[in-house]
Amino acid sequence: MQEIKDKIISRTNYVSKDLAIIIPTKDRPKEVGRLLQSIKELDCEVGRVIVVASGQDISDVVIEFSKILPVEYYSSESGQIKQRNKGISLLNDSTKLVATIDDDMFFYKTAVLEMIKFWNSIEPDTAGVGFNVVNKPSHRHTWLMGLFGVSVPEPGRVLKSGTNTSICNVKQNIRSEWLNGGATVWRQDILKNHPHREIISRWAMYEDMIFSYPIGLVHPLYICATATIKTEDVQLAKESPKLSRYRGRTNFLWGIYFVQINPQLSIAQFYYKKFLEILVFLIKSLFRQEFHRFYLVMGMLSGFFLSLNCIIRKQNTIELIEAKT
């Protein structure tokens, strides 16, 4: 009974100015300008907007908004996690909630107000709430995927294999087991008490889950369906065979590392799921002539043998992930 009373007493009535938005970025002035414009057009005011940039100096883009937004500009070494951590270190007690936002996102007008309303309706010990990225595919589950044990009907789940189901374009508010690091609002104390280690890698697809999944085992995590946001993917150059092999290898090593550091997940299930994925990619590469998938498979097989060596030696794959080749 006392615990319930304490939770009621500790509930915070958040307002939009309790929110700081941290934007890590590198060499994307156009995207940052678009994101700041969407913050300007919100139907409420936020407390701070912190842009942490590496690479190209884009201070001129940010300064254009300084008269209409509480925006700050800082330079940093490269690395999204390094930049995000620098932004977090600049926060003070005036900030209760922190939105970590990728530079290719932009807000709908009501997104932040809906997010604040949602925070005021949920459990006080909630750690984070994700925005609803509405122009990305929602979770798709089929009976065949369920039969093979590689999917479940619910969005926002993390399977024993370490596979996560989508949290984009949800139709209603959901409880989730993981959150997108580039479209989420966290309590500041959660970020301060759970420092995010930077792993040096050109392609870091599991970082969001490495950070959010363990937190979700202790605190509630949600996606707010009405807090809508969009992303505009930056067009990349055509992928070379070398890059495809690198991505396949790194994907495999990231995945096994994530499973290794979370003992409730299953290494055997991870290998089973990856075996099925390799088969599917091989079939597509042959019958659809999607040859980049063939090179991706070659990289995944490389990751398989490298990770198996680590498993036998009872080591994790972090050094392999951080290797430059």
Side-chain angles (χ1 to χ4, degrees), residues 16-92 94-95 97-109 111-112 115 130-131 133-136 179-186 188 191 195-205 207-208 211 227-239 243 324:
S16 62
K17 286 194 174 182
D18 291 328
L19 177 69
I21 299 175
I22 296 176
I23 306 168
T25 185
K26 181 181 180 182
D27 300 334
R28 292 184 180 174
K30 178 182 176 182
E31 288 78 7
V32 171
R34 184 184 61 228
L35 174 53
L36 292 176
Q37 181 65 31
S38 74
I39 296 172
K40 171 190 170 185
E41 294 172 0
L42 290 170
D43 58 359
C44 60
E45 296 181 11
V46 300
R48 297 175 71 181
V49 180
I50 301 172
V51 177
V52 184
S54 62
Q56 178 183 354
D57 183 352
I58 60 167
S59 56
D60 57 332
V61 176
V62 177
I63 289 170
E64 288 183 17
F65 291 88
S66 60
K67 293 183 180 180
I68 48 180
L69 288 176
V71 64
E72 307 161 35
Y73 179 81
Y74 301 92
S75 58
S76 168
E77 296 178 38
S78 295
Q80 189 178 65
I81 301 304
K82 188 187 299 291
Q83 293 168 292
R84 190 175 298 166
N85 286 341
K86 178 169 183 175
I88 293 168
S89 72
L90 297 166
L91 299 173
N92 55 40
S94 68
T95 295
L97 298 174
V98 184
T100 53
I101 303 296
D102 286 345
D103 58 14
D104 57 0
M105 298 286 180
F106 53 100
F107 294 100
Y108 279 81
K109 184 176 181 179
V112 168
M115 176 63 73
F131 287 97
V133 184
V134 295
N135 65 327
K136 286 286 189 179
L179 291 175
N180 180 349
T184 291
V185 174
W186 300 94
Q188 185 191 164
L191 294 179
H196 195 167
R197 175 189 172 179
E198 182 187 13
I199 300 175
I200 308 301
S201 175
R202 285 189 292 161
W203 198 57
M205 71 168 297
E207 278 191 337
D208 292 347
F211 179 71
T228 49
I229 195 169
K230 277 189 175 183
T231 181
E232 183 173 315
D233 289 334
V234 177
Q235 294 296 316
L236 301 176
K238 187 176 180 180
E239 194 167 282
L243 181 57
K324 294 183 179 180

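As the structure is a prediction and not an experimental result, all values here were calculated from the model. The figures here come from the full heavy-atom set of this structure, side chains too, leaving out hydrogens, waters and symmetry mates.
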So, taking the atom named [atom1] in [X] and the one named [atom2] in [Y], what distance separates them when rounded to the nearest 0.5 Å?
{"X": "I81", "Y": "N85", "atom1": "CD1", "atom2": "CG", "value": "6.5 Å"}
{"X": "I50", "Y": "E72", "atom1": "CD1", "atom2": "CD", "value": "5.0 Å"}
{"X": "K26", "Y": "Q83", "atom1": "NZ", "atom2": "CD", "value": "8.5 Å"}
{"X": "T228", "Y": "F107", "atom1": "OG1", "atom2": "CZ", "value": "10.5 Å"}
{"X": "S38", "Y": "K230", "atom1": "OG", "atom2": "NZ", "value": "12.0 Å"}
{"X": "M115", "Y": "S16", "atom1": "CE", "atom2": "OG", "value": "13.0 Å"}

**Q.** Which residues share a ring-ring contact (aromatic ring centres under 6.0 Å, His included) with F211, sequence neighbours left out
**A.**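 By the ring-ring contact (aromatic ring centres under 6.0 Å, His included) rule, F211 matches W186, H196.
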
Which heavy atom of [X] sits nearest a heavy atom of [Y], and at what distance?
{"X": "A183", "Y": "V133", "value": "CB-CG2, 4.2 Å"}
{"X": "G79", "Y": "E198", "value": "CA-OE2, 3.6 Å"}
{"X": "Q56", "Y": "Y73", "value": "O-OH, 4.1 Å"}
{"X": "Q188", "Y": "N92", "value": "NE2-O, 3.1 Å"}
{"X": "L91", "Y": "R48", "value": "CA-NH1, 3.6 Å"}
{"X": "R28", "Y": "D103", "value": "NH1-OD1, 2.8 Å"}

(Q) Please evaluate residues E31 and D102 with respect to the criterion side-chain contact (heavy atoms from CB on, under 4.5 Å), reporting the C-alpha separation (whole Å), side-chain torsions for both, the decisive distance (0.1 Å), and the verdict. (A) CA-CA 10 Å; E31 288 78 7; D102 286 345; over 6 Å; no

Q: Take L36 and I23 through the test side-chain contact (heavy atoms from CB on, under 4.5 Å) and record every step on the way to the result.
A: CA-CA 10 Å; L36 292 176; I23 306 168; 4.1 Å; yes

Q. Is the side chain of D18 donor-acceptor paired with the backbone N or O of L97 at a distance under 3.5 Å, no angle test?
A.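 It does not hold such a pair.
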
Q. For the side chain of T100 and the backbone of G181, is there at least one donor-acceptor N/O pair under 3.5 Å apart?
A.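 At least one qualifying donor-acceptor pair exists.
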
Does [X] reach the side chain of [Y], with side-chain heavy atoms less than 4.5 Å apart?
{"X": "Y108", "Y": "V134", "result": "yes"}
{"X": "L179", "Y": "D208", "result": "no"}
{"X": "Q37", "Y": "F65", "result": "yes"}

Report the residues that fulfil side chain to side chain donor-acceptor pair (under 3.5 Å) with [X], sequence neighbours left out, ordered by chain and then residue number.
{"X": "D60", "value": "none"}
{"X": "S66", "value": "none"}
{"X": "K86", "value": "none"}
{"X": "K40", "value": "none"}

Q.
Apply side-chain contact (heavy atoms from CB on, under 4.5 Å) to residues L90 and I88 and explain how you reach the verdict.
A. CA-CA 5 Å; L90 297 166; I88 293 168; over 6 Å; no

Q) How would you list, by chain and number, every residue that makes a side chain to side chain contact (heavy atoms under 4.5 Å, CB included) with D43, sequence neighbours excluded? A) K109, T110, L113

**Q.** Exceeds 12 heavy-atom contacts within 6.0 angstrom, atom CD of E45
**A.**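 For E45, atom CD is not crowded (no more than 12 foreign heavy atoms under 6.0 Å).
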
Q | Matching residue for V52 among S75, S76, S89 - test: side-chain contact (heavy atoms from CB on, under 4.5 Å) | A | S76

Q. Hey, mind stepping through I101 and F131 against side-chain contact (heavy atoms from CB on, under 4.5 Å) and telling me if it holds?
A. CA-CA 10 Å; I101 303 296; F131 287 97; 3.9 Å; yes

